[in-house]
Amino acid sequence: MSETDIPPRETAGRIENVLEALLLAADGPLSLDQLHKLVGEEFGLSRRELRERLARLAERYADDACELKEVASGWRIQIRPEYSAWVGRLWQDKPPRYSRALLETLALIVYRQPITRGEIEDVRGVSVSTNILRTLLDRGWVREVGHKEVPGRPALYGTTPQFLDDFNLKSLDQLPPLPEVKDLDQLEAALARLGQGAVPAQAAQEAVAQESAPEAPSAAVPPEATLH
Amino acid sequence: MSETDIPPRETAGRIENVLEALLLAADGPLSLDQLHKLVGEEFGLSRRELRERLARLAERYADDACELKEVASGWRIQIRPEYSAWVGRLWQDKPPRYSRALLETLALIVYRQPITRGEIEDVRGVSVSTNILRTLLDRGWVREVGHKEVPGRPALYGTTPQFLDDFNLKSLDQLPPLPEVKDLDQLEAALARLGQGAVPAQAAQEAVAQESAPEAPSAAVPPEATLH
Amino acid sequence: MNAEPAVSEHRDSGAEKSIPKVRGQPLVKLPDDLYIPPDALEVFLETFEGPLDLLLYLIRKQNLDILDIPVSKITEQYMEYIQLMRELKLELAAEYLLMAAWLAEIKSRILLPRPPAAEEEPVDPRMALVRRLQEYERFKTAAETLEALPRVGRDLFLAQARPDVARSATPPPPPALRELLLALREALLRAELFARHTVAVEPLSVRSRMSRILERVERGPARFEELVDPAEGRAGVVVAFVALLELVKNGLLEVFQETAFAPLHVDRPRARECSPMEET
């Protein structure tokens with residue numbers, strides 16, 4: 001846990017703590033660019049120095065349940081594979097259900113994409129939990145499609161082809177327009193048109209679930225999610 | 001790979017790592033019960049021993065950006081407040097702000113639960129908009145806990161464990177008590193000034209008696225009830 | 001305390017009639033202790049959480065203890081406000097009028113000599129008012145305390161991590177479309193999105209195309225032709241074009257051209273201090 005030869009001792013550990021805090025709270029991996037923008041200037045760190053800090057933070061995790069890992073889109077702190085079986089237990093007990101908060105968030109991304117987290121929160125009137133976005137990203141239904149050019153450059157989210165596959169749609173146009181969603185009768189009619197009446201297309205869903213199991217970074221929704 | 005074939009001796013740090021993995025992966029706090037169900041048997045730990053492990057895990061976080069915290073519905077790992085400002089930079093969009101009307105309504109539900117909408121309106125002197133109650137219900141801070149047996153059977157509202165979790169509290173007792181009303185002497189003196197001496201002490205006593213009932217917020221609400 | 005603009009604005013806006021009057025006198029000056037944002041009189045009522053809040057304000061304004069309310073004076077001031085609101089034709093919640101009536105009643109009961117026979121009703125009528133004010137003030141304070149507490153999502157953030165691959169966890173099947181749309185319906189009804197946005201005819205393909213274009217441009221500037229594929233046919237081109245326009249309108253993209261007749265390029269906008277387009 002303790003560093004040996006870092007000159008200004010307190011700041012040093014502090015920088016790594018700030019990095020740790022950011023990585024543990026973020027929705028997904030943070031790129032070196034993002035991290036540099038978030039903390040580089042404040043601490044007077046070059047990109048290279050930042051990389052060194054990250055390496056040092058990674059060392060700190062040597063004996064932990066987590067590890068700091070660089071993936072394609074940046075750095076993230078993740079549970080080590082040897083603990084994933086335990087984590088799986090979290091989601092085994094109860095058949096996980098998608099919470100209303102998750103569904104609303106997904107629906108807003110579908111209909112209002114590209115949309116920022118803040119804009120979702122504006123409509124929903126409540127904050128969107130980091131894990132909801134993570135689940136949607138993990139599930140492969142949603143992805144970052146860019147950044148809004150306002151201070152902070154918040155990520156913009158949009159749907160993926162996987163979303164269409166999993167929901168058995170050929171294109172988003174098949175979904176009823178908003179006014180029809182509002183009217184319950186029209187909504188039912190639209191669902192009937194899609195063959196998605198009261199009974200969900202179970203077979204299709206199962207097929208998809210199996211198909212995507214091998215490689216999708218598939219994090220199930222833990223039971224708590226249904227509480228929100 | 002498998003947890004089971006590791007000799008008990010070496011498992012010491014490992015148990016804490018497993019706890020850490022579970023807590024970091026869960027969407028919300030995990031109760032002692034849940035944790036016990038997840039790992040207790042495997043490691044042959046009693047609830048009390050599990051609590052000790054949690055305490056040890058908490059110590060491990062002493063120099064970290066995170067802390068292990070017990071809130072109403074269990075344990076969770078959270079970013080230490082001193083790093084919040086950094087983390088806030090991740091999201092440019094500000095968290096939702098709540099109106100004074102909403103906060104006053106919430107305060108009444110917190111301190112006077114179970115309480116009806118009408119009773120809230122009596123104290124606030126204005127009607128409570130449906131939107132405010134809906135936001136509080138949606139946010140999961142408040143819920144219907146029953147109906148008052150008076151004509152119309154109005155709903156009674158109370159707070160939820162989610163409210164405590166979100167406000168970083170373990171129980172309602174941790175909230176500061178309601179500000180005191182002026183005590184009897186002061187009130188009588190005031191009455192004398194006000195009423196040109198015409199006010200009988202009895203009225204004053206009645207007034208005070210009604211106000212001075214102990215008014216710590218009462219946790220009338222069992223946690224399980226939030227799971228629907 | 002510059003309330004003048006609000007009033008003169010009314011004067012400018014036309015006829016004599018629009019000058020507010022209080023008790024028949026044209027109002028040239030707002031009451032001294034009346035704080036109103038100069039050009040937003042309408043904000044006034046929202047500033048107060050009801051008649052009790054307004055009364056508390058009036059009392060505090062004079063550094064008085066609730067217990068020492070000079071009812072007559074406060075009542076007068078309160079009435080002035082109410083009158084002013086009415087003259088300005090601001091919508092006044094019924095509660096304010098109710099309070100006005102109550103204050104008037106209290107005042108009259110204090111002023112009128114008490115008939116000697118009315119032994120049964122010796123309680124000072126102000127007592128009830130004092131109690132209500134006190135009670136309200138406690139919760140007003142409690143609300144402030146709650147607001148100051150650290151809150152998850154605002155001051156507190158949860159530390160979360162997941163395994164790279166959760167092997168043992170089979171993902172739950174996707175929710176039925178029906179569930180998704182019903183959830184959306186709720187969210188939209190709640191937000192009254194329909195009232196504020198005219199998105200009725202916007203085809204969803206435009207929305208998804210917006211995402212695709214953004215994603216492409218995120219990797220670097222794109223030529224206009226790259227984003228509009230004639231193979232998609234007329235409808236496809238129109239969708240791409242509408243999506244582009246929408247993105248530009250929202251300040252998410254910029255279209256530029258090196259010289260006249262040069263190919264059109266599309267790129268992320270150069271970061272600005274502040275986006276002129278906050279609205280989606």
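Nearest heavy atoms, C/Glu49 versus B/Val126: O-CG2, 3.5 Å. Contact between B/Phe167 and C/Leu146 at its shortest, heavy atoms only, is CE2-O, 3.5 Å. Here the closest heavy-atom approach between residue B/Asn168 and residue C/Pro150 is recorded as CB-O, 4.3 Å. Residues C/Ala143 and B/Ala107 approach most closely at N-CB, 3.8 Å, considering heavy atoms. Residues C/Leu156 and B/Ile79 share a closest heavy-atom pair of CD2-O, 4.2 Å.
Between C/Arg132 and B/Asp122 there is no side-chain heavy-atom pair separated by less than 4.5 Å.
Contacts with chain C were tallied for B/Val123, B/Leu24, B/Asp165, B/Leu103; B/Leu24 has the most, counting heavy-atom pairs under 4.5 Å. Options B/Lys69, B/Gln78, B/Glu121, B/Arg76 differ in how many heavy-atom pairs under 4.5 Å they form with chain C, and the most are formed by B/Gln78.
Not a single donor-acceptor pair under 3.5 Å links the side chain of B/Arg124 to the backbone N or O of C/Leu52. No side-chain donor-acceptor contact under 3.5 Å links B/Glu104 to the backbone of C/Phe139.
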*Could you walk me through whether B/Leu175 and C/Leu149 pass the side chain to side chain contact (heavy atoms under 4.5 Å, CB included) test, one step at a time?*
CA-CA 9 Å; B/Leu175 281 172; C/Leu149 286 178; 3.5 Å; yes
*Show your working on side chain to side chain contact (heavy atoms under 4.5 Å, CB included) between C/Glu147 and B/Arg97 and close with a plain yes or no.*
CA-CA 10 Å; C/Glu147 174 69 354; B/Arg97 271 189 58 91; 4.2 Å; yes
*Just do the side chain to side chain contact (heavy atoms under 4.5 Å, CB included) check on B/Tyr98 and C/Arg151 with the steps written out, would you?*
CA-CA 12 Å; B/Tyr98 296 106; C/Arg151 192 152 79 216; 3.2 Å; yes
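Here B/Leu108 contributes atom CG and C/Lys140 contributes atom NZ; the two are 13.5 Å apart, rounded to the nearest 0.5 Å.
Both the backbone and the side chain of B/Arg100 come within contact range of chain C, with heavy atoms under 4.5 Å apart. The parts of B/Ser127 that come within reach of chain C are both its backbone and its side chain, each placing non-hydrogen atoms under 4.5 angstrom from that chain.
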